[in-house]
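Structure first, commentary second.
Heavy-atom basis, side chains included; hydrogens, waters and symmetry copies ignored. Atoms within each ligand, like the ligands themselves, are counted from 1 in listed order.
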Amino acid sequence: MFNSSRCQDVVVGQWTCSLMVYTTLIYLYVVDGLLIDTGPKRLQRQSSMFFLRNSINQVALSHLHEDHSGMAAWLEHNLQIPIYLHEMAIPEAKERGKYRLYRQLMWGNRPAFTPQPFPEVLTTGKYTFDVIDSPGHTEHHKVFHEKNQGWLFTGDIYVAPKQLVAMYDENMKDTIVSLQKLLRLDFDTVFCAHNGVIENGKAALQKKLDYMLDLQGKVEGLRRQGLTDREIDHKLFPKIPLIAKVSGGEWSSYNIVKTL
Ligand SMILES: [Zn+2]
């Protein structure tokens with residue numbers, strides 16, 4: 001499924017990606033020629049048409065996960081435009097991504113590409129974006145802030161107000177610090193890679209921070225009572241979500257508990 005719409009000067013592309021009964025939404029944004037994240041390789045047929053229709057002249061990647069960078073190689077080969085990525089993730093980007101089968105089926109493999117480190121600010125003809133470090137979801141994650149418009153492009157740092165599972169390499173303590181840092185910025189509208197355009201985005205990010213801090217308080221309290229992180233996980237998250245089963249444990253609620 002594909003949908004294209006517009007929020008002020010931002011062109012929004014929306015797709016669904018499914019694996020069995022598990023479905024994820026993908027949102028891509030084009031602002032004055034700047035594409036923010038590329039979507040996965042699996043959506044090439046649909047997303048390449050979207051790219052060609054929207055005169056893209058530069059690409060900013062929030063992070064290297066294959067659902068955000070899977071089409072970077074296509075853009076590099078077909079449009080010969082600069083692709084920016086967190087400096088520390090560049091060596092990994094130059095190698096083809098290797099993933100478990102469920103990720104290959106869900107997103108497709110990410111081909112190798114050659115990104116450039118971000119400049120301090122990204123400029124288009126009309127807009128200026130501050131490029132802000134925001135580790136947590138991954139260590140090397142960036143968000144893009146257009147302060148004159150009150151826009152914040154959040155990659156995967158928000159996604160949902162309540163997080164029930166995390167990937168094996170996520171760090172929730174870092175997510176808390178990143179959310180606190182972002183909430184000090186001036187913005188209203190959040191552009192999320194999986195949840196779309198969120199008006200009153202500051203309240204949304206605050207809700208997620210409050211949830212994480214509350215959860216952290218519960219985890220610390222149970223640790224003081226002598227429970228192990230495994231026991232705390234069973235107590236706070238008694239239901240095992242589908243993605244935890246499909247991913248063979250790469251995604252789990254334990255990954256949240258252990259890093260809080
Ligand atoms: Zn991600």
* T38/L75 under side-chain contact (heavy atoms from CB on, under 4.5 Å): CA gap, chis, key distance, verdict -> CA-CA 8 Å; T38 76; L75 286 153; 3.6 Å; yes
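- With sequence neighbours excluded, no residue forms a ring pair (Phe, Tyr, Trp, His ring centres under 6.0 Å) with Y158.
- The stretch residues 209-247 participates, sequence neighbours left out, in no ring pair (Phe, Tyr, Trp, His ring centres under 6.0 Å) pair at all.
- Using a 4.0 Å cut-off between a side-chain N of Lys or Arg and a carboxylate O of Asp or Glu, K202 and D188 do not qualify as a salt bridge.
- The pair E250-R100 meets the salt-bridge criterion, since a charged nitrogen lies less than 4.0 angstrom from a carboxylate oxygen.
- Protein N/O/S atoms closer than 2.8 Å to the Zn ion (ligand 1): H63 NE2, H65 ND1, H137 NE2, D156 OD2.
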Taking only distance into account, with no hydrogens and no angle test, what donor-acceptor pairs under 3.5 Å do side-chain atoms of residues 79-93 form with protein atoms, sequence neighbours excluded?
| residue | atom | partner | partner atom | Å |
| --- | --- | --- | --- | --- |
| Q80 | NE2 | H77 | O | 2.5 |
| H86 | ND1 | M88 | N | 3.1 |
| H86 | NE2 | D133 | OD1 | 3.1 |

